[in-house]
Amino acid sequence: MYPLQQKPIICVSGAAETGHCGEGAMNIAFKLGEAIAKNDCIITTGATTGFPAWSAAGAKKAGGFSLGVSPAANKLEHIGNYRLPTEDMDYIFYTGFGFPGRDLLLVRSAEAVIFGCGRIGTIHEFTVAFEESMPIGILEGTWETDEVIREIISKGNRPSDFVVYDTDPDRLVKRVKEMVLNRREEIIRRAGSWRDD
């Protein structure tokens with residue numbers, strides 16, 4: 001049975017290089033991480049710089065637990081080859097799969113994904129989460145990522161009722177968490193009906 005009391009795991013996806021994100025983007029990322037921790041959820045990121053790093057920092061400041069999923073095979077490669085941070089993460093899982101393979105494990109390690117300002121890697125993670133029919137939150141801001149994702153969904157000719165948009169980090173986290181908890185309850189309900197057959 002799925003443990004309802006387990007904290008929801010929410011992944012934050014966003015750009016490691018944030019020059020295109022606009023003014024105040026890192027402050028918004030920090031607030032997103034804080035909101036995840038304050039709403040009693042666990043944050044997971046790609047253990048990278050930029051938007052995910054600021055989100056992890058916000059979560060840690062708010063007393064949350066932070067999990068990083070690295071493209072590197074070990075800590076030495078993580079720091080030396082990829083030049084990625086280790087701060088603000090309680091645990092880093094070293095995949096050794098590079099960025100594309102890491103993206104798949106990162107998304108699947110979570111129960112939902114929230115997308116901020118991003119580039120091609122963020123779009124890749126979005127398509128993985130969308131294909132998995134995961135609860136998805138799109139944080140709207142000064143960047144264009146939210147509009148790009150809207151266009152992908154529109155031109156993909158596949159409607160979705162598990163993607164929500166919001167400009168407020170705390171409100172978005174609350175909405176995404178509600179979707180996660182509703183999905184858990186549905187899984188338990190189905191498991192119960194299967195046992196009754």
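As a basis for the values below, the full set of heavy atoms in this structure was taken, side chains included, without hydrogen atoms, waters or symmetry mates.
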Looking only at heavy atoms, which two atoms of Gly58 and Glu34 are closest? And how far apart? O-CG, 3.2 Å
Are Leu67 and Asp90 side-chain neighbours, meaning at least one heavy-atom pair lies under 4.5 Å? no
Can you tell me how far CD of Gln6 sits from CD1 of Ile42, rounded to the nearest 0.5 angstrom? 6.5 Å
One thing to verify: whether Asp166 and Arg175 come together as a salt bridge, which I'm taking to mean a side-chain N less than 4.0 angstrom from a carboxylate O. yes
Thinking salt bridges, do Arg119 and Glu17 make one under a 4.0 Å N-O criterion? no
Please answer: with hydrophobic residues joined when any side-chain heavy atoms are less than 4.5 Å apart, are Phe30 and Leu32 in the same cluster? yes
Shared hydrophobic cluster, Val69 / Ile114 (ILVMFWY, side-chain heavy atoms < 4.5 Å): no
Given the rule that I, L, V, M, F, W and Y join up when any side-chain heavy atoms are under 4.5 Å apart, are Ile149 and Val128 in one cluster? yes
Side chain Arg184, main chain Met179, donor-acceptor under 3.5 Å: no
Is it true that atom CZ of Phe97 has more than 12 heavy atoms of other residues, nucleotides or ligands lying nearer than 6.0 Å? no
Hey, what do you get for CD (Glu140) to OG1 (Thr167), rounding to the nearest 0.5 Å? 6.5 Å
Closest non-hydrogen atom pair between Leu172 and Gly137, with its separation: CD1-CA, 3.9 Å
Walk me through it: do Arg150 and Glu144 pass the test salt bridge (charged side-chain N to carboxylate O under 4.0 Å, His left out)? CA-CA 10 Å; Arg150 283 183 194 274; Glu144 298 179 355; over 6 Å; no
Within a strict 4.5 Å, meaning less than it, do heavy atoms of the Lys174 and Asn39 side chains meet? yes
Taking the side chain as every heavy atom from C-beta outward, state whether Pro71 and Tyr82 have any pair of such atoms under 4.5 Å apart. yes
Working to the nearest 0.5 Å, report the span between OG1 of Thr122 and CG of Asp103. 8.5 Å
Which of these passes side-chain hydrogen bond (donor to acceptor under 3.5 Å, both in side chains) with Ser70: His78, Lys75, Arg102? His78
In Å and rounded to the nearest 0.5 Å, what is the OG1 to CD distance from Thr44 to Glu111? 11.5 Å
Hydrophobic cluster identity match, Ile36 and Met26, side-chain contacts under 4.5 Å: yes
Taking atom NZ of Lys177 as the centre, report whether more than 12 heavy atoms of other residues, nucleotides or ligands fall under 6.0 Å from it. yes
Closest non-hydrogen atom pair between Thr18 and Gly50, with its separation: CG2-CA, 3.8 Å
Look up atom OG1 in Thr142 and atom CD1 in Ile28, then write down how far apart they are to the nearest 0.5 Å. 5.5 Å
Indicate yes or no for a side-chain donor-acceptor contact from Thr45 to the backbone of Gly68 under 3.5 Å, with no hydrogens or angles considered. no
State, to 0.1 Å, how close Val12 and Ser55 come at their nearest heavy-atom pair, and which atoms those are. CG1-OG, 3.5 Å
Gap between atom CD of Glu132 and atom OG1 of Thr127 - 0.5 Å precision: 10.5 Å
Measure the shortest side-chain to side-chain distance between Leu139 and Phe115 over non-hydrogen atoms and say whether it is less than 4.5 angstrom. no
If only atom types and distance count, is the side chain of Thr145 paired as donor or acceptor with the main-chain N or O of Gly118 below 3.5 Å? yes
Count the heavy atoms of every other residue, nucleotide or ligand shown that sit under 6.0 Å from CH2 of Trp54, and state whether that count exceeds 12. no
Using a strict threshold of under 4.0 Å (side-chain N to carboxylate O), is an ion pair present between Arg190 and Glu185? no
Residues two or more places apart in sequence or in another chain: which of them pass disulfide (SG to SG under 2.5 Å) with Cys21? Cys117
Counting N and O atoms only, with roles assigned by atom type, does the side chain of Asp170 sit under 3.5 Å from a partner on the main chain of Ala35, one being a donor and the other an acceptor? no
Student check: side-chain heavy atoms of Leu105 and Arg108 closer than 4.5 Å: no
Closest non-hydrogen atoms of Ile136 and Phe126, given as atom of the first, atom of the second and distance, are CD1-CE1, 3.9 Å
Are Cys41 and Ile9 packed together at the side-chain level, in the sense that at least one heavy-atom pair is separated by less than 4.5 angstrom? no
Do Glu77 and Tyr94 have side chains that approach each other closer than 4.5 Å (heavy atoms only, starting at C-beta)? no
Indicate yes or no: does Lys60 engage Glu87 in a salt bridge with an N to O separation below 4.0 Å. no
Would the Phe65 and Tyr91 ring centres measure less than 6.0 Å apart? no
Indicate yes or no: does Arg183 engage Glu186 in a salt bridge with an N to O separation below 4.0 Å. no
Under 4.5 Å between any side-chain heavy atoms of Ile123 and Ile152, yes or no? yes
Closest heavy-atom pair, Ala47 versus Ile92, reported as atoms and distance to 0.1 Å, is CB-CG2, 4.4 Å
Among all residues two or more places apart in sequence or in another chain, which pass the side chain to side chain contact (heavy atoms under 4.5 Å, CB included) test with Arg83? none
Going only through I, L, V, M, F, W and Y residues with side-chain contacts under 4.5 Å, is there a path from Val107 to Leu104? yes
